[in-house]
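Written out below as structure tokens is the structure these notes cover.
Lettering of chains follows the sequences in order, A, B, ..., and the numbering in each one begins at 1. Every value quoted in this text rests on a predicted model; they were computed, and no experiment measured them.
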There are 4 protein chains.
Amino acid sequence: MTRTPRHRRRPEARPEEILTAALATFAEQGFAAARVEDIARRAGLSKGAVYLYFPSKEAMLNALVEQSAGALARTVEQHVAQIAAADPEAALRGLLRILFAAVSSPEVSAAPRLVLTEAHRFPELANFYREHVLDVMRRAMGALLAAAVEAGVFRDVDTDAFMRIIAGPGLAQMALTTIFDLKPDRLTDPGDLADAIADILLYGLKPRLESANT
Amino acid sequence: MTRTPRHRRRPEARPEEILTAALATFAEQGFAAARVEDIARRAGLSKGAVYLYFPSKEAMLNALVEQSAGALARTVEQHVAQIAAADPEAALRGLLRILFAAVSSPEVSAAPRLVLTEAHRFPELANFYREHVLDVMRRAMGALLAAAVEAGVFRDVDTDAFMRIIAGPGLAQMALTTIFDLKPDRLTDPGDLADAIADILLYGLKPRLESANT
Amino acid sequence: MTRTPRHRRRPEARPEEILTAALATFAEQGFAAARVEDIARRAGLSKGAVYLYFPSKEAMLNALVEQSAGALARTVEQHVAQIAAADPEAALRGLLRILFAAVSSPEVSAAPRLVLTEAHRFPELANFYREHVLDVMRRAMGALLAAAVEAGVFRDVDTDAFMRIIAGPGLAQMALTTIFDLKPDRLTDPGDLADAIADILLYGLKPRLESANT
Amino acid sequence: MTRTPRHRRRPEARPEEILTAALATFAEQGFAAARVEDIARRAGLSKGAVYLYFPSKEAMLNALVEQSAGALARTVEQHVAQIAAADPEAALRGLLRILFAAVSSPEVSAAPRLVLTEAHRFPELANFYREHVLDVMRRAMGALLAAAVEAGVFRDVDTDAFMRIIAGPGLAQMALTTIFDLKPDRLTDPGDLADAIADILLYGLKPRLESANT
DNA sequence: CATGAATGAGCTTTCATTCAT
DNA sequence: CATGAATGAAAGCTCATTCAT
């Protein structure tokens with residue numbers, strides 16, 4: 001069952017299979033260097049068959065991103081919607097854990113990485129991603145901050161600074177891990193790393209006189 | 001006669017001119033999609049002339065990175081060496097300002113962006129960059145943190161978390177600016193944005209009872 | 001519809017067709033000057049199609065030689081094995097006739113000529129040919145001479161001199177015919193020329209007192 | 001003095017030096033694969049300087065052949081003219097020795113080999129060589145045979161067969177030595193090999209009843 | 001005379017895309 | 001639907017030839 005059978009059981013699933021193969025290939029080789037034949041082979045198809053489902057290599061890239069784009073953004077959105085108001089601090093910790101978990105999973109992070117790598121050359125891709133992912137996340141983070149400030153739990157910091165300081169560490173982790181194969185010394189578990197960062201974010205680097213250190 | 005003459009008087013600057021053109025072209029098109037002829041024309045040369053100076057397209061990429069790699073890392077290194085011990089807080093603020101300034105200058109950030117984009121397919125490039133840039137920066141940041149902790153100015157946080165939370169926002173800013181053309185709403189000046197982030201980093205999101213900033 | 005269709009029905013003969021075209025093209029232009037596109041067109045294909053069957057131009061050269069190499073050598077080998085012992089004189093005459101027939105047929109001699117022309121730059125080709133053709137022929141000629149000497153029919157001459165005086169006239173004929181378009185005045189039939197040479201070889205230039213031939 | 005000095009002593013000798021370098025390079029690489037720059041370097045000149053003396057690469061080939069062509073043919077011609085009438089047998093032996101000596105000297109045989117290799121693609125070259133070398137040799141050999149027959153020393157064999165059986169062994173020796181690096185087992189000295197072949201030629205392979213063996 | 005940087009045509013090879021089967 | 005042979009437009013790279021110095 002794990003072995004790709006000669007006659008696939010669900011021919012309707014073909015497009016998805018192709019996109020999965022395309023994502024893997026693009027992630028490995030980059031869009032320009034990826035060969036359609038490799039994608040086809042990985043999907044268990046002939047080169048020509050791919051063109052029955054997608055009119056061009058670029059169409060695969062678009063479909064790919066459109067398909068995988070929403071997932072992470074929606075998770076973040078829901079997470080924030082659920083607990084931001086009740087417990088902003090927990091929401092922030094959870095958000096960071098979600099981001100680090102995503103970033104540490106090659107499958108989940110493949111599509112975002114691809115967008116980061118290729119969007120510059122495909123403006124429509126950039127637009128799509130900005131609209132369907134970045135804006136969603138921005139709204140979610142903005143809502144989290146607003147709720148927290150409203151509740152007096154967070155200081156009233158700049159929204160853009162807030163977003164960058166939340167999303168940035170995950171990006172750094174992704175780059176270091178994926179591209180340079182550099183893993184953290186001690187906090188090898190993504191969750192732990194996310195917690196350590198959340199702690200710095202919440203309490204700051206400078207020691208507090210009162211008490212609180214995680 | 002102002003028109004580019006057919007044969008220029010042997011400017012020893014040729015290799016640099018070519019690398020500048022190559023960086024611009026690679027940054028725009030990506031390495032795989034960039035055409036040597038485009039690089040040549042941008043450098044005011046014919047296709048073949050480029051090969052008088054570099055044996056292959058990949059050699060240009062390598063030379064490019066080797067040339068531009070050190071600059072930012074050295075700046076960071078010197079900055080930290082100079083004031084980390086005396087005033088860790090100022091050192092951190094300065095570090096963030098340096099990173100944001102670099103990231104906001106397309107020329108300065110072009111090479112690092114290229115590495116982030118292409119290093120995955122060129123392991124030697126990744127190795128070089130890790131050794132000559134990342135390791136330098138890691139050491140500098142590690143030294144900054146150690147000095148600050150030693151002086152009792154910073155809490156004793158995890159080094160990897162510290163590095164990711166320092167470098168990450170710059171990465172986020174770079175991605176948002178370069179790829180998605182998303183600028184901050186209010187803090188349009190990179191320095192201001194760096195300051196706002198430094199403030200969050202130093203004092204944390206949660207309000208302090210003792211004094212209270214912002 | 002008689003016009004070459006765009007896509008032929010997969011003839012498994014493609015590689016052979018390509019090699020035939022390659023041989024003709026290499027023979028005309030030399031390996032270095034031959035263009036893959038010319039080979040392709042001669043085989044009724046597009047440039048790219050050739051690369052579906054051979055990974056490079058040099059691979060065609062190798063395949064070509066490996067394919068055509070054995071034929072002549074095997075013919076010689078069998079011929080000698082069959083009649084050398086029984087009638088060495090007839091064997092020698094036959095051998096010369098075989099060589100001159102081969103040399104006089106442009107199709108048959110094309111591959112050997114190619115080897116003579118190109119082997120110097122492709123040591124592997126030279127090795128292959130020496131092993132699969134020259135050594136076979138050397139053994140056959142050596143056996144012929146040994147059998148004839150043993151039987152008292154030939155004088156005990158040096159083997160290397162024997163081989164060179166047997167194979168040489170064919171080479172001369174090939175060079176004169178192929179390169180300089182010089183045909184014999186009288187003995188225009190290769191068989192007759194071979195016979196005349198065999199006669200000199202067997203009976204020598206100096207007249208014999210005993211019987212006298214010619 | 002053997003070291004190429006910076007300023008050459010006889011600038012009038014340039015063309016010859018270039019042709020020497022060209023011959024060596026063509027012999028090694030073949031005409032098509034030889035690079036003008038390599039020729040220039042070997043002649044101790046810059047690439048451009050070569051074009052002060054020869055208008056094109058092909059012109060070098062022609063000049064080369066025109067220059068070196070005559071030598072061997074003239075030697076043969078003179079040799080035959082001198083002793084063919086007096087002692088045809090000695091003339092034949094000497095002729096073979098001359099041919100084998102030439103063939104065994106890489107410098108002397110380089111030009112003829114080049115012609116054999118390239119003349120097919122340069123009809124003018126073939127014409128020149130046929131006229132200035134082959135025809136001269138043919139005439140010389142024809143004269144030798146005619147004189148010998150006239151004197152009753154040689155049988156009246158066919159001229160074309162005669163020429164091929166004389167010139168052929170040298171060709172064979174050249175091919176085996178130069179291309180396939182195959183040396184004779186016993187008769188490693190070219191003169192000895194020539195003698196052995198002359199012996200076969202003169203007295204034939206079949207033993208004579210009367211006497212005479214060499 | 002001599003240099004060597006520069007040109008640009010031309011070559012091998014690759015690969016997205018098409019289409020007869 | 002699926003195949004895979006075939007196409008042909010590039011692209012990287014080479015090198016004979018030119019020409020400003």
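In terms of heavy atoms, B/Ala21 sits closest to B/Thr25 at O-OG1, 2.7 Å. Across all their heavy atoms, C/Phe26 and C/Ala34 have their closest contact at CD2-CB, 3.5 Å. When all heavy atoms of B/Phe122 and B/Glu58 are compared, the pair lying nearest together is CD2-OE2, 3.3 Å.
For the side chain to side chain donor-acceptor pair (under 3.5 Å) test, no residue two or more places apart in sequence or in another chain qualifies with A/Glu66.
Nucleic acid contact class of A/Ala34 (heavy atoms, under 4.0 Å, all strands): sugar-phosphate only.
OP1 or OP2 of F/dT17 sits under 4.0 Å from a side-chain N or O of D/Tyr51. Contact annotation: A/Tyr53 reaches the phosphate of F/dA2 (side-chain N/O to OP1 or OP2, under 4.0 Å).
For the pair D/Lys47 NZ and F/dT14 C1', the computed distance is 10 Å after rounding to whole Å. B/Ile18 places its CD1 atom 11 Å from the C1' atom of E/dA5, with the value rounded to the nearest Å. We find that CD of C/Glu37 is positioned 16 Å from P of E/dT14, with the value rounded to whole Å. Taking atom CG on B/Leu61 and atom C1' on F/dG12, their separation rounds to 15 Å, with Å as the unit. At whole-Å resolution of the value, CD1 in B/Ile39 and P in F/dG12 are 8 Å apart.
In the set E/dG4, F/dT3, F/dG12, the nucleotide with an atom closest to the side chain of A/Leu52 is F/dT3. Nearest to the side chain of D/Ser46, among F/dT3, E/dG4, F/dT17, sits E/dG4. With distances taken from any side-chain atom of D/Lys57 to the nucleotides F/dC15, F/dT17, E/dA16, the minimum falls on F/dT17. Taking only side-chain atoms of D/Ser56, from C-beta outward, the nucleotide of F/dT17, E/dT3, E/dA16 with the closest atom is F/dT17. The side chain of B/Val36 sits closest to F/dG12 out of F/dT17, E/dA5, F/dG12.
Counted within 6.0 Å of CD on C/Glu124, heavy atoms from surrounding residues, nucleotides or ligands total 12 or fewer; the atom is thus considered open. Residue-environment remark: CZ (B/Arg42) exceeds the threshold of 12 foreign heavy atoms within 6.0 Å.
Listed for the B/Gln29 side chain is no donor-acceptor partner under 3.5 Å among the backbone atoms of A/Arg121. A distance-only check finds no donor-acceptor pair linking the side chain of A/Gln67 to the backbone of A/Leu19 [under 3.5 Å].
Residue whose closest nucleotide on DNA chain F sits further toward the 5' end, between D/Gly48 and D/Arg35: D/Arg35.
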- What would the secondary structure line of DNA chain F be in dot-bracket form, counting Watson-Crick and G-U wobble pairs under 3.5 Å, with [ ] for pairs that cross earlier ones and | for pairs with another strand? .||||||||||||||||||||

- Working for side chain to side chain contact (heavy atoms under 4.5 Å, CB included), residues A/Leu61 and A/Phe54: CA-CA 10 Å; A/Leu61 177 62; A/Phe54 297 96; over 6 Å; no

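Proximity of residues 115-122 of chain D to DNA chain F (heavy atom under 4.0 angstrom from any strand atom) is not detected for any residue.
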